[in-house]
Amino acid sequence: MPAMPTLPPYIPDGLDEGLIRQVVFGFYDQVRADAELAPVFDARIPPEAWPHHLETMCDFWSSVLMRTGRYHGRPMPKHLALPELNDAHFHRWLSLFRTTVRDLCPPAVADLFLDRALNIAQAFRLQMAIRDGRDALGVHPFTEADLTPAA
């Protein structure tokens, strides 16, 4: 049987490496100033490590959205190692992320960013429920309508 042709990834107009970088840096500026999220990050990422973390996050989102293959990490184990991480953190993270992408991106790009972020957060939340011995079937996905505007 002949091989199926490989289709290029769907990349909406306006999505490029520069915009990914703008989203990542703008978003993490908000995270680092946020009363709920900053302590989680500050406990694990010293100030001198932030430039590397931001570059890693640019690689991550480039790989997720543009399929560049630049990210080679394993984010799930790192998040599972944080016993204090809970749904309230994910809700706040997603709310800040939503505000960032809606402010900075054309609608189709913001939709793509947010769709991927919601799916990733759900995967993490399910694994954390399993880790904690909770019923994963009770972990309902967040939707954009569940998110609150970031103040």
Side-chain angles (χ1 to χ4, degrees), residues 4-34 36-38 40-42 44-45 49-132 134 136-151:
M4 296 290 293
T6 304
L7 298 174
Y10 166 69
I11 299 175
D13 289 340
L15 176 60
D16 61 19
E17 296 293 343
L19 183 57
I20 289 171
R21 190 171 189 79
Q22 189 178 2
V23 166
V24 167
F25 278 70
F27 170 66
Y28 280 102
D29 281 348
Q30 291 184 57
V31 165
R32 294 176 77 186
D34 187 75
E36 287 180 59
L37 297 176
V40 176
F41 284 86
D42 290 345
R44 285 158 184 88
I45 303 174
W50 270 99
H52 176 72
H53 181 70
L54 292 171
E55 293 303 326
T56 299
M57 292 298 90
C58 288
D59 290 346
F60 173 81
W61 282 107
S62 176
S63 293
V64 167
L65 299 178
M66 298 177 69
R67 300 184 188 168
T68 60
R70 290 197 335 239
Y71 179 76
H72 301 287
R74 295 182 53 225
M76 186 69 72
K78 292 176 183 176
H79 289 80
L80 288 175
L82 307 175
E84 76 276 18
L85 206 54
N86 60 46
D87 278 353
H89 292 112
F90 280 100
H91 187 272
R92 183 63 182 158
W93 190 98
L94 288 164
S95 293
L96 288 174
F97 194 76
R98 175 188 178 269
T99 297
T100 302
V101 299
R102 292 282 177 226
D103 286 350
L104 297 177
C105 301
V109 175
D111 289 346
L112 182 61
F113 258 115
L114 192 55
D115 176 71
R116 297 306 185 272
L118 289 164
N119 287 330
I120 292 163
Q122 182 63 7
F124 286 7
R125 292 173 62 228
L126 288 169
Q127 287 300 310
M128 288 176 178
I130 292 166
R131 173 201 67 194
D132 298 342
R134 294 182 285 122
L137 294 176
V139 180
H140 300 287
F142 290 129
T143 66
E144 184 171 3
D146 298 322
L147 305 178
T148 53

Looking at every heavy atom in both [X] and [Y], which two are closest together, and how far apart are they?
X    : Y    : answer
A121 : L94  : CB-CD1, 3.8 Å
A123 : M76  : O-CE, 3.7 Å
G26  : T100 : C-CG2, 4.4 Å
A81  : R131 : N-NH1, 4.5 Å
L19  : C105 : CD2-SG, 3.9 Å
A129 : A136 : CB-CA, 4.2 Å

Pairwise distance [atom1]([X]) to [atom2]([Y]) - rounded to 0.5 angstrom:
X   : Y    : atom1 : atom2 : answer
I20 : L104 : CD1   : CG    : 12.5 Å
L82 : R44  : CG    : CZ    : 4.5 Å
W93 : F41  : CH2   : CZ    : 8.0 Å
I11 : R67  : CD1   : CZ    : 8.5 Å
D59 : H72  : CG    : NE2   : 8.0 Å
L65 : L15  : CG    : CG    : 5.5 Å

Sub-3.5 Å donor-acceptor pair from the side chain of [X] to the main-chain atoms of [Y], do we have one?
X    : Y    : value
S95  : L147 : no
H79  : P75  : yes
D115 : D111 : no
N119 : Q122 : no
H91  : D146 : yes

Salt-bridge present (R98, D103; N to O < 4.0 Å):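 No.
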
Parallel, tilted or perpendicular: ring planes of W61 versus F113, cut at 30 and 60 degrees: tilted

Mutual orientation of the aromatic rings belonging to Y71 and F60 [parallel < 30°, tilted 30-60°, perpendicular > 60°]: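 Taking F60 first and then Y71, their aromatic rings stand perpendicular (interplane angle over 60°).
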
Verdict with reasoning, W50 to F25, per ring pair (Phe, Tyr, Trp, His ring centres under 6.0 Å): CA-CA 10 Å; W50 270 99; F25 278 70; 9.8 Å; no

R102 vs L114, side chain to side chain contact (heavy atoms under 4.5 Å, CB included): CA-CA, chis, key distance, verdict: CA-CA 9 Å; R102 292 282 177 226; L114 192 55; 4.1 Å; yes

For D87, the option from R134, R125, R92 that meets salt bridge (charged side-chain N to carboxylate O under 4.0 Å, His left out): R125

Side chain to side chain, P106 and D13, heavy atoms closer than 4.5 Å: no

Side-chain touch M57/F27, heavy atoms, less than 4.5 angstrom: no

